[in-house]
Amino acid sequence: MNSTKFSYLFILSLVWLQSQNAFSQAVAEKRLQGGITGAVGLNFPKMGTNMLESSVGFSSCFGVNFTRSTKESQNIAFNAGLEFDIDQINYKVTGTDVFYRFTDKQIKTKDQTVSTDKYFNLLERTYEPLYLTLPLGLTFRTDFIGDYRGVFKFGLRNRLLLTSSVNDKGSVVDVSGGLPTDLTENIGMNVDKDLFFYNGNLGLSAGVEWNFSGSTCLLIEAGFNYGFMPLHLTGKEQNYTLFNLDPNTLTASYFRNQATLNQTHLKFTLLF
């Protein structure tokens with residue numbers, strides 16, 4: 001009796017393994033895969049000025065990805081997608097005092113001034129931009145070993161700025177000689193012509209694709225994005241907002257933040 005049960009279990013196991021191999025083979029033969037994706041990661045701004053220093057921020061994204069293999073090989077494919085990147089980019093002031101002028105929620109540029117402007121002594125700043133991202137690249141895949149295959153990707157991530165807000169820590173000051181107020185926060189501030197509308201980076205990632213049910217797969221990747229485009233516009237001084245102040249003459253010396261952005265991420269994609 002026990003031997004009969006064992007035989008049934010053995011046969012069922014063989015059938016199950018055969019069905020899994022069939023599913024993996026079916027996935028391997030599909031030229032087009034697509035699905036939903038999400039990622040979490042860290043931002044590492046690389047500074048181009050000594051006026052500010054960076055600190056680590058968080059990032060996340062969600063969207064859809066597509067992969068299409070070439071006619072010549074199932075192991076080489078093109079990948080594309082449409083994603084939304086939500087970033088947190090952090091800076092701190094180093095040494096010399098940094099100021100900006102503002103009215104209500106609007107941070108003023110050099111050529112914008114009214115008598116009601118207030119002066120803010122900046123200590124820390126966090127940008128919270130939202131990007132529409134269009135990734136384009138190549139995917140290299142191994143053959144399936146059971147339900148798994150290795151995946152390596154590289155390509156260009158084209159990021160287009162949709163919206164951005166600024167959260168600052170510091171104090172409102174009277175530049176004519178009065179004492180600063182207690183530490184405060186300017187939340188949800190608007191600053192025009194600061195972040196560059198296009199931000200590109202080169203992405204590299206490696207991971208594992210798991211065919212866990214039928215033709216449905218879960219792709220898990222760890223990756224690094226190297227930023228090669230400036231985060232901030234630097235061309236026209238009249239658009240600068242940050243400045244140092246001469247304590248004797250109260251003359252403002254405007255400067256622009258300069259940085260590029262590197263990122264690490266852990267990404268999950270459900271492919272169909």
Indicate whether the side chain of Asn244 and that of Thr96 have a donor and an acceptor atom separated by less than 3.5 Å.
-> no
Rounded to the nearest 0.5 Å, the NZ atom of Lys108 sits from the CG atom of Asp192 at a distance of 10.5 Å
Cation over ring face, Arg159 and Tyr131, 6.0 Å, 45° = yes
Decide whether Ile187 and Tyr91 are clustered together by the hydrophobic rule: side chain heavy atoms of Ile, Leu, Val, Met, Phe, Trp, Tyr closer than 4.5 Å, transitively.
-> no
Let me see the working for Thr133 and Asp85 under side chain to side chain donor-acceptor pair (under 3.5 Å), right down to the final yes or no.
-> CA-CA 7 Å; Thr133 302; Asp85 286 7; 3.1 Å; yes
Does Asn75 use its side chain to pair, donor to acceptor, with the backbone of Arg141 at less than 3.5 Å?
-> yes
Nearest-0.5 Å distance, OG of residue Ser69 to CG of residue Asn79 | 12.0 Å
His232 ring center near Tyr240 ring center (under 6.0 Å) | no
Between Tyr119 and Phe99, is the ring centre distance below 6.0 Å?
-> no
Does Glu237 pair with Arg256 as a salt bridge, N-O distance under 4.0 Å?
-> no
Leu245 and Leu250 have their tightest heavy-atom pair at CD1-O, 3.5 Å
Does a side-chain heavy-atom distance below 4.5 Å link Lys118 with Val173?
-> no
Phe78 atom CZ, over 12 foreign heavy atoms within 6.0 Å = no
Asn186 side chain vs Met189 backbone, donor-acceptor pair below 3.5 Å | no
Ignoring hydrogens and geometry, is there a side-chain-to-backbone donor-acceptor pair from Lys169 to Lys92 under 3.5 Å?
-> no
Quick one: are Phe62 and Thr37 in side-chain contact, heavy atoms under 4.5 Å?
-> no
Between Thr67 and Ala77, the two heavy atoms sitting closest are CG2-CB, 3.4 Å
Flag yes if Phe58 and Val40 sit in one hydrophobic cluster, no otherwise; membership is Ile, Leu, Val, Met, Phe, Trp, Tyr, and two members link when side-chain heavy atoms are under 4.5 Å apart.
-> no
Side-chain donor/acceptor of Lys153 to backbone N/O of Gly203, under 3.5 Å | no
Specify whether Trp210 and Tyr148 have parallel, tilted or perpendicular ring planes, treating 30° as the upper limit for parallel and 60° as the lower limit for perpendicular.
-> parallel
Parallel, tilted or perpendicular, as decided by the 30° and 60° cut-offs, for the rings of Phe154 and Phe152 = tilted
Quick one: do the Asn90 and Tyr127 side chains pair a donor with an acceptor below 3.5 Å?
-> no
Exercise: identify the closest heavy-atom pair between Thr126 and Asp168 = N-OD1, 4.5 Å
Considering all heavy atoms, the nearest Asp104-Phe102 contact = O-CD1, 3.5 Å
Counting N and O atoms only, with roles assigned by atom type, does the side chain of Asp87 sit under 3.5 Å from a partner on the main chain of Ile89, one being a donor and the other an acceptor?
-> no
Transitively linked via ILVMFWY side-chain contacts under 4.5 Å: Leu242 with Val172?
-> yes
If you look at every heavy atom in Asn262 and Gly227, which pair is closest and at what distance?
-> OD1-N, 3.0 Å
Side chain to side chain, Val208 and Leu219, heavy atoms closer than 4.5 Å | no
side-chain contact (heavy atoms from CB on, under 4.5 Å) evaluation trace for Leu266 with Phe268 = CA-CA 7 Å; Leu266 184 63; Phe268 301 86; 3.7 Å; yes
Phe66 reachable from Leu134 in the ILVMFWY side-chain graph, under 4.5 Å edges = yes
May I ask you to decide whether Glu209 forms a salt bridge with Arg149, counting only side-chain N to carboxylate O separations under 4.0 Å?
-> yes
Hey, any chance Phe196 and Leu202 share a hydrophobic cluster, counting ILVMFWY side chains that come within less than 4.5 Å of each other, even indirectly?
-> yes
Exceeds 12 heavy-atom contacts within 6.0 angstrom, atom CD1 of Ile145 = no
Give the C-alpha distance, both sets of side-chain angles, the deciding distance and a yes or no for side-chain contact (heavy atoms from CB on, under 4.5 Å) between Leu160 and Tyr198.
-> CA-CA 5 Å; Leu160 307 176; Tyr198 174 77; 3.7 Å; yes
Just wondering, are more than 12 heavy atoms of other shown residues or ligands nearer than 6.0 Å to NZ in Lys105?
-> yes
Kindly compute the distance separating OG1 (Thr241) from CZ (Phe255), expressed to the nearest 0.5 Å.
-> 8.0 Å
Start with the C-alpha gap between Met51 and Phe243, add the side-chain angles, then the distance that decides, and say whether side-chain contact (heavy atoms from CB on, under 4.5 Å) holds.
-> CA-CA 10 Å; Met51 297 293 184; Phe243 59 88; over 6 Å; no
Answer yes or no: is there a side-chain heavy-atom contact under 4.5 Å between Asp143 and Gln74?
-> no
Give, for atom CG of Asn43 and atom CD of Gln263, the distance between the pair rounded to the nearest 0.5 Å.
-> 4.5 Å
Any side-chain heavy-atom pair from Thr260 and Asn201 closer than 4.5 angstrom?
-> no
Indicate the atoms forming the closest heavy-atom contact of Val64 with Glu83, along with that distance.
-> O-CG, 4.4 Å
I would like to know whether Lys267 and Asn65 meet side chain to side chain donor-acceptor pair (under 3.5 Å); could you show each step before the answer?
-> CA-CA 11 Å; Lys267 191 171 188 177; Asn65 279 179; 3.3 Å; yes
State whether the number of non-hydrogen atoms from other residues, nucleotides or ligands found under 6.0 Å of Tyr226 atom OH is greater than 12.
-> no
Any side-chain donor near an acceptor of the partner, Ser205 and Glu221, under 3.5 Å = yes
Between NZ of Lys71 and CD1 of Ile76, what distance do you get to the nearest 0.5 Å?
-> 15.0 Å
Establish, from distance only, whether the side-chain atoms of Asp117 and Thr103 form a donor-acceptor pair under 3.5 Å.
-> yes
Quick check: does any side chain N or O of Ser54 sit under 3.5 Å from a backbone N or O of Pro45, one acting as donor and the other as acceptor?
-> yes
Do Val166 and Val191 have side chains that get closer than 4.5 Å, going by heavy atoms?
-> yes
Side-chain donor/acceptor of Arg157 to backbone N/O of Asn225, under 3.5 Å | no
Are there more than 12 heavy atoms of other residues, nucleotides or ligands under 6.0 Å from atom CZ of Phe272?
-> yes
Can you measure from CG (Leu130) to CG (Leu162) and round to the nearest 0.5 angstrom?
-> 4.5 Å
Residue pair Glu53 / Val93, side-chain heavy-atom distance below 4.5 Å = no
Please examine the side chains of Ile86 and Phe84, heavy atoms only from C-beta on, and report whether any two atoms are closer than 4.5 Å.
-> no
CA sep, side-chain torsions, deciding dist, call: Thr94, Leu52, side-chain contact (heavy atoms from CB on, under 4.5 Å) = CA-CA 5 Å; Thr94 60; Leu52 302 171; 5.8 Å; no
